[in-house]
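Everything numeric here is computed off the predicted structure, so don't read it as measured data.
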Amino acid sequence: MAMALTVGQFLNSHNVDFSLTRHKHTDTSFSSAISAHVPTSQVAKAVLLKDQKGEFLMAVVPSNRRVMIDKISRMMGKQFFLVGEHELTSIFQDCEPGAVPSIGQPYQIDMLVDDMLFDQDELFIESGDHENLIHVDAKQFHKIMQDIPHRNISGYRMMFSDGHEGRHWEWE
């Protein structure tokens with residue numbers, strides 16, 4: 001699988017210029033960046049959240065950062081929680097399990113994007129599989145994220161020297 005069909009149709013229907021960057025099979029956006037030899041700050045990672053009413057929100061942050069769920073909840077005026085892996089499979093049916101694309105529009109999911117992604121010259125977006133990233137320049141990223149709200153919604157990640165992620169610390 002090269003890219004989720006829904007994502008490809010969305011990009012083509014919006015005349016987005018992109019290319020695919022292949023990498024070895026990985027399980028996280030951060031690992032995808034390392035494998036593809038691109039800066040981790042330029043890979044957009046999607047984290048799906050759900051409120052108490054069952055409404056979804058896709059938070060998109062750089063792969064080297066973490067989503068600050070408490071901050072998003074305060075911003076939005078309602079409590080959000082992480083969506084479980086089992087639920088992701090039913091929402092993103094044309095994607096490989098655990099490979100959430102960083103584009104919510106074709107799935108009718110509201111989005112909130114971290115400001116840091118708008119500071120990049122080029123970006124890599126998760127494609128819905130574990131072996132490809134969608135590569136766009138800043139202009140095309142802005143086209144994709146047109147009318148999508150963006151705020152400071154990410155914090156630092158703590159990594160151990162062996163590359164494994166440690167406890168998440170949150171600074172504002």
Path from [X] to [Y] over hydrophobic side-chain contacts below 4.5 Å:
X: Leu88; Y: Val60; result: yes
X: Val38; Y: Leu123; result: no
X: Ile125; Y: Leu133; result: no
X: Leu82; Y: Ile72; result: yes
X: Met116; Y: Met75; result: no

Salt bridge (charged side-chain N to carboxylate O under 4.0 Å, His left out) against Glu55, all qualifying residues, sequence neighbours excluded: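 Partners of Glu55 by the salt bridge (charged side-chain N to carboxylate O under 4.0 Å, His left out) criterion, ordered by chain and then number, come out as Lys78.
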To the nearest 0.5 Å, what is the distance between [atom1] on [X] and [atom2] on [Y]?
X: Leu20; Y: Asn132; atom1: CG; atom2: CG; result: 5.0 Å
X: Ile109; Y: Leu48; atom1: CD1; atom2: CG; result: 5.0 Å
X: Asp129; Y: Cys95; atom1: CG; atom2: SG; result: 8.5 Å
X: Met68; Y: Ser73; atom1: CE; atom2: OG; result: 11.5 Å
X: Ile134; Y: Ser127; atom1: CD1; atom2: OG; result: 5.5 Å
X: Ser35; Y: Lys24; atom1: OG; atom2: NZ; result: 5.5 Å

Determine, stepwise, if the pair Glu126 / Ser29 fulfils side chain to side chain donor-acceptor pair (under 3.5 Å). CA-CA 7 Å; Glu126 289 289 346; Ser29 299; 2.9 Å; yes
Look only at the side chain of [X] and the backbone of [Y], and say whether a donor-acceptor pair between them is shorter than 3.5 Å.
X: Ser154; Y: Arg65; result: no
X: Ser31; Y: Asp27; result: no
X: Ser63; Y: Lys45; result: no
X: Lys71; Y: Asn152; result: yes

Does anything in residues 100-138 form a ring pair (Phe, Tyr, Trp, His ring centres under 6.0 Å)? List the pairs, not counting sequence neighbours.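 Every pair satisfying ring pair (Phe, Tyr, Trp, His ring centres under 6.0 Å) with a residue in residues 100-138: His25-His130, Phe92-Tyr107, Phe118-Phe141, Phe118-His142, Phe118-His150, Phe124-His135.
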Flag the pair [X] / [Y] as yes when at least one side-chain heavy-atom distance between them is below 4.5 Å, and no otherwise.
X: Asp114; Y: Arg151; answer: no
X: Leu117; Y: Pro62; answer: yes
X: Val100; Y: Met58; answer: yes
X: Ile144; Y: Val136; answer: yes
X: Phe56; Y: Ile91; answer: yes

Contacts under 3.5 angstrom, residues 6-13 side chains, donor-acceptor by atom type, not counting sequence neighbours:
from, atom 1, to, atom 2, distance (Å)
Thr6, OG1, Asp94, OD2, 2.5
Asn12, ND2, Gly8, O, 3.1
Ser13, OG, Gln9, O, 3.2
Ser13, OG, Phe10, O, 3.0

Distance-minimising heavy-atom pair for Ser90 and Glu87: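 What the structure gives for the nearest pair is OG-O, 2.9 Å.
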Mind listing the closest non-hydrogen atom pair of Ile69 and Phe80 along with its distance?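 Taking Ile69 first and Phe80 second, the nearest heavy atoms are CG2-O, 3.3 Å.
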With sequence neighbours left out, what residues match Gln93 under side-chain hydrogen bond (donor to acceptor under 3.5 Å, both in side chains)?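 Residues passing side-chain hydrogen bond (donor to acceptor under 3.5 Å, both in side chains) with Gln93: none at all.
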Lys/Arg N to Asp/Glu carboxylate O, Arg22 vs Glu131, below 4.0 Å: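 Result for this pair is yes, salt bridge flagged.
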Lys143: which residues meet the side-chain contact (heavy atoms from CB on, under 4.5 Å) condition with it, sequence neighbours left out?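 Lys143 satisfies side-chain contact (heavy atoms from CB on, under 4.5 Å) with Asn15, Val16, Gln140 once adjacent residues are dropped.
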Please list, chain by chain and in numerical order, all residues satisfying side-chain contact (heavy atoms from CB on, under 4.5 Å) with Ile148, sequence neighbours excluded.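 Scan of Ile148 (side-chain contact (heavy atoms from CB on, under 4.5 Å), adjacent residues dropped) gives Gln105, Met111, Val113, Met145.
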Tell me whether the NZ or CZ atom of Arg66 lies within the 45° cone about the ring axis of Tyr156 and under 6.0 Å from its centre.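 No, cation not above the ring by the 6.0 Å, 45° rule.
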